[in-house]
Amino acid sequence: MTVVAVSATPPVRRPVPATRGAAAGGGTAAWIDAGAVVSVERPMLGGSVGIHLQTGNAPGDEARARREALQRLDRIAVWAARLTRFAPTSDLVRLNGAPGSRVPVRPTLAAVLDWGRAAQGLSDGIVDIALLDARLAAEGIGSWPTQSARPSAASRGWSIDRGSRGSDILRPAGLSFDLDGVAKGWLADRALSRLAAHRWVAVDVDGDIAIRVERDRRVRFGVADPRTSGCVLVELELAGPEAGGPRGFGLATSGTTIHHWTVDDQPSHHLIDPRTGRPARTDVIQATVLAGSAREAEAIAKSAVILGSEASLERLDRAGVYAAVLLTEGGDVLLTPSTARWLG
């Protein structure tokens, strides 16, 4: 595979027009085509959740779109409240705190856990939602298990038992889940599926963006440079089809520059490598992936950071990954060959 590499690329500083959508999680920022634009945002999930869309020009279109977007934000808040690990009454916290090995769960949590299982398969095991204890240790909460005491992949095994009256999670007693990015991509896709047709729509859940573009419409996104505020590494232009219905995309960025700490005088971050149970040792500080859905893009971007540039680039050159942009600790910007067709 040929990799397009731009060594030690200086950041590109571009003016951001007044019609720009909201910055997304520090990793992507949206530039949008002309027309009436509705943007609504709300603090949520430790960051910001926004819905941005282009409406028609008929009287009342903008007001109706704003009402719809605000209603969808309300719905995202309801779903997020069930999935967070920071609220004692959330479905996730109740699952993690349940003493038994068989725990009934409600449909929203079951659906996200189901996607977490699928993301594990999509990433060849690199995305693992059953690593909450390691995530907490990475934040300096709790302690790392010794080498001999570290749970194996087999001991973290779990499954979903779906019945006519609901779903049960089967897991070793005490196994805890951390949904984090997995839930954000799922939420973005879910909210997008509930939005009416518009010229284009972007649902940005703290940097995981679900996008739908109608026929003959275009929307441009810039991949932000985490080293320099207001600068972008590349711009990606997404276009709707020339005929037929709209086209859906997912754009997500993962990296080690936002959620990081110093623990026991050592640098630490939130991306846990399931092969070691510790924060990934990687040369990739940021990965942005364009795929068919936000949840897929999030899982693939996260695994790219954890694996590092050499191991991830071959995996990124596959069906379903439309574009990928990696930034290494040495300042290299690496693009997969398929990315070229999306460059703005």
Side-chain angles (χ1 to χ4, degrees), residues 1 3 25-28 115-140 144-145 147 150-154 156 176-186 206-208 223 226 233 250-263 266-291 293-318 320-321 323-336:
M1 179 187 69
V3 178
T28 44
W115 164 243
R117 168 70 74 203
Q120 189 171 12
L122 179 67
S123 64
D124 297 323
I126 296 301
V127 174
D128 189 334
I129 63 174
L131 290 169
L132 178 59
D133 289 345
R135 167 66 185 266
L136 294 176
E139 296 178 17
W144 296 106
Q147 184 72 19
R150 191 172 71 229
S152 65
R156 297 196 307 273
S176 298
F177 299 93
D178 178 22
L179 299 179
D180 197 26
V182 166
K184 292 175 183 177
W186 183 91
D206 198 31
D208 295 345
V223 177
L233 298 173
L251 185 63
T253 295
S254 184
T256 61
T257 63
I258 303 297
H259 302 294
H260 59 89
W261 311 272
T262 298
V263 178
Q266 297 295 320
S268 180
H269 60 80
H270 73 300
L271 296 179
I272 305 299
D273 187 335
R275 300 168 298 183
T276 64
R278 299 290 182 110
R281 300 183 66 178
T282 176
D283 65 327
V284 176
I285 64 172
Q286 179 174 288
T288 297
V289 168
L290 178 67
S293 69
R295 59 186 183 274
E296 291 172 315
E298 187 278 332
I300 296 166
K302 180 187 295 178
S303 62
V305 177
I306 292 172
L307 288 168
S309 60
E310 184 175 354
S312 66
L313 281 169
E314 290 293 338
R315 297 186 182 211
L316 291 168
D317 187 28
R318 64 181 181 184
V321 180
V325 181
L326 307 185
L327 175 63
T328 72
E329 59 188 358
D332 292 341
V333 180
L334 307 177
L335 313 179
T336 54

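In this chain, residues are counted from 1 in sequence order.
Looking only at side-chain heavy atoms (C-beta outward), R281 and T276 stay at 4.5 Å or farther from each other. Two residues are said to be in side-chain contact when any heavy atoms from C-beta on lie closer than 4.5 Å; E298 and V182 meet this criterion.
In this structure, the separation between CD1 on I300 and OG on S312 is 11.5 Å, given to the nearest 0.5 Å. Atoms CD1 and CG, on I306 and D273 in that order, are 6.0 Å from each other to the nearest 0.5 Å. Rounded to the nearest 0.5 Å, atoms CG (D206) and NZ (K184) are 4.0 Å apart. Rounding to the nearest 0.5 angstrom, the gap separating the OG1 atom in T288 from the CG atom in L251 is 6.5 Å. The CG atom of L326 lies 6.0 Å from the CG atom of L316; values are rounded to the nearest 0.5 Å.
In terms of modelled atom types and a separation under 3.5 Å, the side chain of D283 and the main chain of S309 share a donor-acceptor contact. Judged by distance alone, the side chain of S123 and the main-chain N or O of A299 form no donor-acceptor pair under 3.5 Å. At least one donor-acceptor pair under 3.5 Å links the side chain of R318 to the backbone N or O of R315.
When all heavy atoms of V305 and A287 are compared, the closest pair comes out as CG2-CB, 3.7 Å.
For S293, the side chain to side chain donor-acceptor pair (under 3.5 Å) partners are E296, not counting sequence neighbours.
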